[in-house]
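Just the heavy atoms: all of them, side chains too, but no hydrogens, waters or symmetry mates, feed the values below. Order of listing sets the numbers, starting from 1, for every ligand and every atom in it. Note that the numbering runs from 1 along the sequence shown for the chain. The model shown is predicted, which means the values in this text are computed figures rather than measured ones.
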Amino acid sequence: MALHHTQFDTIVIGGGQAGPSLASKLDARGEKVAVFQEGPFGGTCLNDGCRPTKALRASAHAAHAARTAAPYGVHVDGVTVNVAEAVDRKDSIIGAWRDGATDYYENHETISYVTARARLTGKDGDNYLVTFGDKTVTAPRIILNPGARSVPPPIEGLDAVDFLDHHTLLDLKEAPGHLVVIGGSYIGLELGQVWSRFGSKVTILEHGEHIISREDTDVSDAIAAMLRDEGLDVRTGVTIDRVEADGGGAVVVLGDGERLSCDRILVAAGRIPNSDDLGLATVGVATDKRGYITTDEHFLTSAPGIFAVGDVNGRGAFTHTSYQDHEILADHLAGGDRTVAGRIPTYALFTDPPLGRVGMTEAQARAAGVNITVSNYEMASVTRAALDGITPGMIRLVVDADADRLVGAAIFGLHGDEVIQALSLLMHVDAPASALATWLPIHPTVAEFLPTIYGGLEPA
Ligand SMILES: Cc1cc2nc3c(=O)[nH]c(=O)nc-3n(C[C@H](O)[C@H](O)[C@H](O)COP(=O)(O)OP(=O)(O)OC[C@H]3O[C@@H](n4cnc5c(N)ncnc54)[C@H](O)[C@@H]3O)c2cc1C
Ligand SMILES: NC(=O)c1ccc[n+]([C@@H]2O[C@H](COP(=O)([O-])OP(=O)(O)OC[C@H]3O[C@@H](n4cnc5c(N)ncnc54)[C@H](O)[C@@H]3O)[C@@H](O)[C@H]2O)c1
């Protein structure tokens with residue numbers, strides 16, 4: 001920790017995926033900047049989110065590839081997973097990144113990087129007061145990047161058992177015999193599949209009618225089918241009545257009376273913004289009814305000079321949206337004209353194979369009154385998928401027929417997280433959807449089928 005001043009030009013509260021990079025840019029412009037970060041450098045993404053989960057996903061992929069190698073003429077006997085070694089691998093990759101960045105910020109000659117929880121405590125003239133421990137520092141500009149946190153749903157008895165979340169699950173040294181996952185969305189599906197491949201029996205309990213419910217229902221159902229084929233017990237429309245402690249494990253009692261005995265429970269039932277303990281009321285920063293800080297298209301809150309970036313502003317819940325928030329705000333503070341208006345949503349669900357998404361679902365486009373044409377294609381008919389032997393999935397293009405513009409796409413299957421980005425770029429540069437018809441992709445790749453799929457558009 002190095003507090004170089006007590007009066008700053010900018011104070012960043014929360015070291016998520018936007019704050020430290022903003023601090024570096026403002027520091028490079030000669031500003032006096034402080035960053036307050038509670039917990040390890042790198043926030044959720046680096047420590048218990050995107051990256052450690054993908055490191056373990058890679059171990060799970062290796063196990064799955066070995067177990068299913070026989071049809072390729074490759075015979076691997078007795079595949080076992082040493083979870084402790086997979087976790088060590090994850091820790092060594094993440095630790096190297098975290099240690100390097102921590103060292104950089106903690107020993108920075110001009111940026112004050114402080115490992116502490118900070119709160120807004122009022123205003124003195126043009127300066128906001130920021131308190132940590134028994135100290136107070138001040139600045140006329142505040143950037144809030146405190147992220148979000150997972151919360152357990154209100155299920156009777158859940159608090160009485162030692163349930164896991166995405167943080168504690170990542171450090172298990174052995175796969176639980178039976179892992180029950182509450183919530184069938186990003187976290188539950190990705191981590192449920194990883195632990196199934198590590199050897200756990202996995203049951204996913206989703207109370208909605210479909211898993212990953214923001215997607216078109218046939219896409220959700222295709223993902224559920226893929227997971228069930230792999231041996232996961234994926235249940236939808238489930239009500240959990242209560243949880244009972246049972247020795248070291250638990251019994252999950254469902255609404256229909258079924259009693260599911262399990263060794264551990266993973267709670268993956270949603271996240272809320274970390275806006276409740278920032279002292280927002282002391283300075284007049286408004287939130288919506290779900291606790292997201294309301295901002296304009298430059299991330300300015302209702303208080304002059306206070307900006308909110310990352311998950312806490314409700315304009316995205318991904319590392320790439322938070323990182324882009326930093327780019328937009330840095331540009332704005334330097335007098336540029338970038339805004340968040342018109343940002344096209346894009347993300348992936350990292351099951352294996354993954355779902356890549358951009359723009360609207362078919363259902364959303366229809367609800368928005370767009371005159372759509374739609375084309376669907378089975379991944380099993382894609383040459384590369386057949387060659388690689390990874391055939392679950394589908395590709396969907398949704399086009400505004402009047403404007404000749406792609407309004408959304410879903411690619412569930414091999415390389416879906418990468419191929420979708422060609423379509424995301426097409427939308428970003430506002431190119432005609434018909435450009436796909438004359439595009440020259442590489443053979444044999446998944447993307448090479450996009451012109452063919454474009455040719456199959458029909459009114460929907
Ligand atoms: C299991 C999991 C997997 C994920 N996988 C992906 C993925 O594959 N791809 C993707 O794009 N996104 C993924 N996400 C989402 C992604 O992690 C977040 O959207 C991303 O980290 C952006 O967060 P942020 O910048 O808002 O802040 P965060 O990264 O959440 O960091 C905020 C930091 O601020 C600190 N803080 C909070 N309040 C204070 C305070 N008062 N004082 C000081 N410090 C404070 C917090 O302790 C935290 O360390 C995943 C999330 C989880 C949980
Ligand atoms: N691939 C990625 O980029 C990635 C990966 C992980 C997390 N994230 C981010 O983290 C956020 C949170 O992810 P998440 O999966 O925890 O939450 P989510 O909000 O996406 O989904 C929570 C799920 O839990 C279900 N649920 C809630 N209460 C339940 C109950 N009592 N019983 C059964 N089911 C219940 C909901 O119906 C929903 O399907 C996401 O919005 C995403 O932005 C992103």
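- Enclosure of atom CD in E258 by more than 12 non-hydrogen atoms of other residues, nucleotides or ligands within 6.0 angstrom is indicated.
- Counting only non-hydrogen atoms, the option in D311, T44, V35 that gets closest to atom 19 (O) of ligand 1 is D311.
- Closest approach of A409 to R357, counting heavy atoms only: O-NH1, 3.0 Å.
- Around atom 1 (C) of ligand 1, the closest heavy atom drawn from H326, H166, H167 belongs to H166.
- In the model, T203 has a side-chain atom that pairs as donor or acceptor with a side-chain atom of H178 under 3.5 Å.
- With hydrogens left out, the protein atom closest to atom 45 (C) of ligand 1 is G14 CA, 3.8 Å, a heavy atom.
- The shortest N or O to N or O distance between N274 and ligand 1 is not below 3.5 Å.
- At a 4.0 Å heavy-atom cut-off, ligand 1 touches F350 through the side chain alone.
- Using a 4.0 Å cut-off to heavy atoms of G15, the atoms of ligand 1 that qualify are 33 (C), 34 (O).
- Of the heavy atoms in I13, only side-chain atoms (C-beta onward) come closer than 4.0 Å to ligand 1.
- Of the protein's non-hydrogen atoms, C50 N, 3.4 Å is the one closest to atom 4 (C) of ligand 1.
- For R228, there are no salt bridge (charged side-chain N to carboxylate O under 4.0 Å, His left out) partners, not counting sequence neighbours.
- By the salt bridge (charged side-chain N to carboxylate O under 4.0 Å, His left out) test, E31 pairs with R29, R141, sequence neighbours left out.
- For atom 52 (C) of ligand 1, the closest heavy atom belonging to the protein is G49 CA, 3.7 Å.
- Within ligand 1, counting atoms from 1 as listed, the ones closer than 4.0 Å to a heavy atom of A116 are 42 (N), 43 (C).
- With a 4.0 Å cut-off on non-hydrogen atoms, E190 does not touch ligand 1 at all.
- Compare G42, G43, P52, P146 by their heavy atoms: the one nearest to atom 36 (N) of ligand 1 is in P146.
- Of all protein heavy atoms, the one closest to atom 29 (O) of ligand 1 is Q17 NE2, 2.8 Å.
- The protein heavy-atom contact nearest to atom 42 (N) of ligand 1 is A118 N, 3.0 Å.
- Only the side chain of R271 comes within contact range of ligand 1, with a heavy atom under 4.0 Å; no backbone atom does.
- Taking a cut-off of under 4.0 Å to the non-hydrogen atoms of G310, the atoms of ligand 1 that pass are 26 (O).
- Other residues, nucleotides and ligands contribute at most 12 non-hydrogen atoms within 6.0 Å of the NE2 atom of H428.
- Annotation: atom 49 (O) of ligand 1 to nearest protein heavy atom, Q37 NE2, 2.8 Å.
- Protein neighbours of ligand 2 below 4.0 Å, counting non-hydrogen atoms: P153, I155, I182, G183, S185, Y186, I187, L205, E206, H207, R214, I240, A268, A269, G270, R271, A317, F318, A348, F350.
- Residue R384 holds its CZ atom at 5.0 Å from NE2 of H415, rounded to the nearest 0.5 Å.
- In terms of protein heavy-atom proximity, atom 21 (O) of ligand 1 is closest to C45 N, 3.4 Å.
- Among residues at least two apart or in separate chains, there is no salt bridge (charged side-chain N to carboxylate O under 4.0 Å, His left out) pair with a member in residues 285-314.
- Residue contacts with ligand 1 for N145 involve both N, CA, C or O and side-chain atoms from C-beta outward (heavy atoms, distance under 4.0 Å).
- The closest protein non-hydrogen atom to atom 31 (O) of ligand 1 is G16 CA, 3.2 Å.
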